[in-house]
Number of protein chains: 2
Amino acid sequence: MVTPEGEPVLRGTPYRADCPTRRILDRIGDRWTVLIVGALWDGPARFSELGRRIEGVSQKMLTQTLRGLERDGIVRRTVYPEVPVRVEYTLTEAGRTLREPLRALEEWSIAHLGDVSASQEAYDRGSASS
Amino acid sequence: MVTPEGEPVLRGTPYRADCPTRRILDRIGDRWTVLIVGALWDGPARFSELGRRIEGVSQKMLTQTLRGLERDGIVRRTVYPEVPVRVEYTLTEAGRTLREPLRALEEWSIAHLGDVSASQEAYDRGSASS
DNA sequence: CAGCATCCTACATGATACTG
DNA sequence: CAGTATCATGTAGGATGCTG
């Protein structure tokens with residue numbers, strides 16, 4: 001199928017930065033989302049437990065990322081009004097379905113990590129030859 | 001299997017920010033990589049053609065992202081010493097294999113975009129009730 | 001315990017001008 | 001055409017201190 005100008009229809013859909021995939025990538029592309037989803041995959045966890053499980057995360061980023069995930073319906077936040085208060089985070093059903101695409105990515109990463117590293121070294125060697 | 005301290009090995013592997021998946025996410029998580037891979041999926045393209053295909057990309061970011069992808073072995077850059085010079089970008093074999101995980105992500109995005117949006121609206125409504 | 005508020009810095013991205 | 005170089009800026013993220 002072709003437009004009146006003879007241009008394939010596909011060309012009429014330029015690659016836009018606001019596609020659905022981009023919205024998800026903005027989520028999982030940040031530094032902590034994937035780690036949190038991974039840490040919650042084993043089971044629910046409290047705030048401080050998450051902080052301990054995930055290496056290097058600051059309190060601020062943990063809070064901020066969890067809020068975003070809660071807002072997106074990926075994580076459920078449950079407050080137990082005990083003293084002191086206990087807050088538990090769980091993956092929602094939607095959150096659990098995220099595992100498949102993430103695993104596809106993980107497998108690709110593991111499978112190609114060697115190639116990528118080798119390519120980088122070769123590239124850097126080439127550029128360094130001054 | 002347990003460490004000398006009696007800690008399960010799995011717990012000895014806290015979620016780290018430097019896993020292979022994170023390295024790939026740092027690549028595809030940026031604003032342009034996925035768009036470029038998508039634009040090159042149809043076939044090779046020249047620099048300016050890519051700029052035209054991808055909405056909103058600046059010359060600088062196009063160059064920068066392409067260099068990174070070339071360094072990672074995802075994209076191949078070929079210079080034809082004509083006048084004026086012609087440069088063609090192609091997906092490498094490794095680049096083409098990236099399609100599967102990206103498509104898994106895309107499908108998840110499309111399948112859950114509605115849920116996510118609904119969850120966000122509900123979340124925002126709840127917070128707005130002052 | 002589980003945060004919120006504030007300040008501060010580094011870096012990612014963009015706009016603009018210039019070049020082989 | 002296909003970049004490079006420079007400058008400007010928004011924001012992600014970290015450090016710190018305080019609170020219900």
Side-chain angles (χ1 to χ4, degrees), chain A residues 15-18 22-36 39-40 44-72 75-90 123 126-127 130, chain B residues 15-18 22-36 39-40 44-72 75-90 123 126-127 130:
Chain A
Y15 290 83
R16 303 170 136 270
D18 58 349
R22 178 105 295 285
R23 290 188 52 180
I24 302 303
L25 280 171
D26 283 341
R27 263 255 72 78
I28 71 167
D30 76 59
R31 210 162 304 285
W32 305 112
T33 289
V34 170
L35 283 312
I36 290 179
L40 286 178
R46 307 179 55 168
F47 183 83
S48 48
E49 172 62 18
L50 274 178
R52 260 174 273 121
R53 276 195 213 172
I54 300 169
E55 188 179 60
V57 68
S58 67
Q59 208 174 43
K60 175 185 172 180
M61 289 319 295
L62 188 55
T63 302
Q64 187 172 304
T65 310
L66 282 169
R67 289 294 174 279
L69 288 170
E70 188 194 358
R71 179 169 182 263
D72 288 351
V75 159
R76 177 170 26 253
R77 178 175 180 269
T78 313
V79 181
Y80 297 93
E82 309 168 354
V83 181
V85 66
R86 183 162 64 94
V87 179
E88 198 170 80
Y89 291 94
T90 324
Y123 183 95
S127 302
S130 59
Chain B
Y15 289 83
R16 304 169 137 272
D18 58 351
R22 177 107 294 285
R23 290 187 52 178
I24 302 304
L25 279 172
D26 282 341
R27 264 256 70 79
I28 72 167
D30 76 59
R31 210 162 303 287
W32 303 112
T33 289
V34 171
L35 283 313
I36 291 179
L40 286 179
R46 307 178 54 168
F47 182 83
S48 49
E49 171 62 18
L50 275 178
R52 260 174 272 122
R53 278 195 210 172
I54 300 170
E55 189 180 58
V57 67
S58 68
Q59 210 174 39
K60 175 184 173 180
M61 289 317 297
L62 188 55
T63 301
Q64 189 172 303
T65 309
L66 282 169
R67 288 293 175 278
L69 288 170
E70 187 194 359
R71 179 168 184 267
D72 288 351
V75 158
R76 177 169 28 251
R77 176 174 181 269
T78 314
V79 181
Y80 297 93
E82 309 168 352
V83 182
V85 64
R86 182 163 65 95
V87 179
E88 197 170 82
Y89 291 95
T90 323
Y123 184 94
S127 304
S130 60

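Each chain gets a letter, A, B and so on, in the order its sequence line appears, and its residues count up from 1.
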J.: Taking all atoms of both residues into account, what is the closest heavy-atom pair of Pro44(A) and Arg53(A), and its distance?
T.: O-NH2, 3.8 Å
J.: Go through the structure and list residues passing side-chain hydrogen bond (donor to acceptor under 3.5 Å, both in side chains) with Arg22(A), not counting sequence neighbours.
T.: Asp26(A)
J.: Using the salt bridge (Lys or Arg N to Asp or Glu O under 4.0 Å) criterion, which residues pair with Arg16(B)? Sequence neighbours excluded.
T.: Glu55(A), Asp18(B)
J.: Sequence neighbours left out, what passes side chain to side chain contact (heavy atoms under 4.5 Å, CB included) with Arg46(A)? Give chain and number order.
T.: Glu49(A), Arg86(A)
J.: Expressed as a whole number of angstroms, how long is the span from Met61(A):CE to dA15(D):P?
T.: 12 Å
J.: Please name all residues satisfying side chain to side chain contact (heavy atoms under 4.5 Å, CB included) with Val83(A), sequence neighbours left out, ordered by chain then number.
T.: none
J.: Find the distance Arg67(A):CZ to dG13(D):C1' and express it as a whole number of Å.
T.: 17 Å
J.: If you round to the nearest 0.5 Å, how far is OH of Tyr89(A) from CG of Leu50(A)?
T.: 8.0 Å
J.: To the nearest 0.5 Å, what is the distance between CG (Leu66(A)) and CE (Met61(A))?
T.: 10.5 Å
J.: State, to the nearest 10°, the angle formed by the axis through the first five base pairs of the helix from dC1(C)-dG20(D) to dG20(C)-dC1(D) and the axis through its last five.
T.: 50°
J.: Excluding sequence neighbours, so at least two apart, what forms side-chain hydrogen bond (donor to acceptor under 3.5 Å, both in side chains) with Ser48(B)?
T.: Arg52(B)
J.: Reading DNA chain C in the 5' to 3' direction, which nucleotide is the first one with an atom under 4.0 Å from a heavy atom of chain B, and which is the last?
T.: dT13(C) to dA17(C)
J.: Any chance you could measure Arg23(B), atom CZ, to Ile28(B), atom CD1, to the nearest 0.5 Å?
T.: 14.0 Å
J.: Rounding to an integer number of Å, can you tell me how far Leu62(A) CG sits from dG14(D) C1'?
T.: 14 Å
J.: Take atom NZ of Lys60(A) and atom P of dG14(D), then tell me their distance rounded to the nearest Å.
T.: 9 Å
J.: Polar atom pairs between nucleotides 17-20 of chain D and protein, under 3.5 Å, N or O only, would you list them?
T.:
none

J.: Could you list all the salt bridge (charged side-chain N to carboxylate O under 4.0 Å, His left out) pairs where at least one residue sits in residues 60-70 of chain B, not counting sequence neighbours?
T.: none
J.: Do any of residues 23-32 of chain B sit with a heavy atom less than 4.0 Å from DNA chain C, and if so which?
T.: Asp30(B), Arg31(B), Trp32(B)
J.: According to a strict under-4.0 Å criterion, is Tyr89(B) in side-chain N/O contact with OP1 or OP2 of dG3(D)?
T.: yes
J.: Side-chain polar contacts of residues 29-36 of chain A - donor-acceptor pairs under 3.5 angstrom, sequence neighbours left out - could you list them?
T.:
| unit_1 | atom_1 | unit_2 | atom_2 | d |
| --- | --- | --- | --- | --- |
| Asp30(A) | OD1 | Trp32(A) | N | 2.7 |
| Asp30(A) | OD1 | Thr33(A) | N | 3.0 |
| Asp30(A) | OD1 | Thr33(A) | OG1 | 3.4 |
| Asp30(A) | OD2 | Thr33(A) | OG1 | 2.7 |
| Thr33(A) | OG1 | Arg27(A) | O | 3.1 |

J.: Measure CD/Gln64(A) against P/dG13(D) and give the value in whole Å, please.
T.: 7 Å
J.: For side-chain contact (heavy atoms from CB on, under 4.5 Å), just list the numbers for Tyr123(B) and Asp72(A), CA-CA rounded to whole Å, side-chain angles, deciding distance to a tenth of an Å, and then say yes or no.
T.: CA-CA 8 Å; Tyr123(B) 184 94; Asp72(A) 288 351; over 6 Å; no
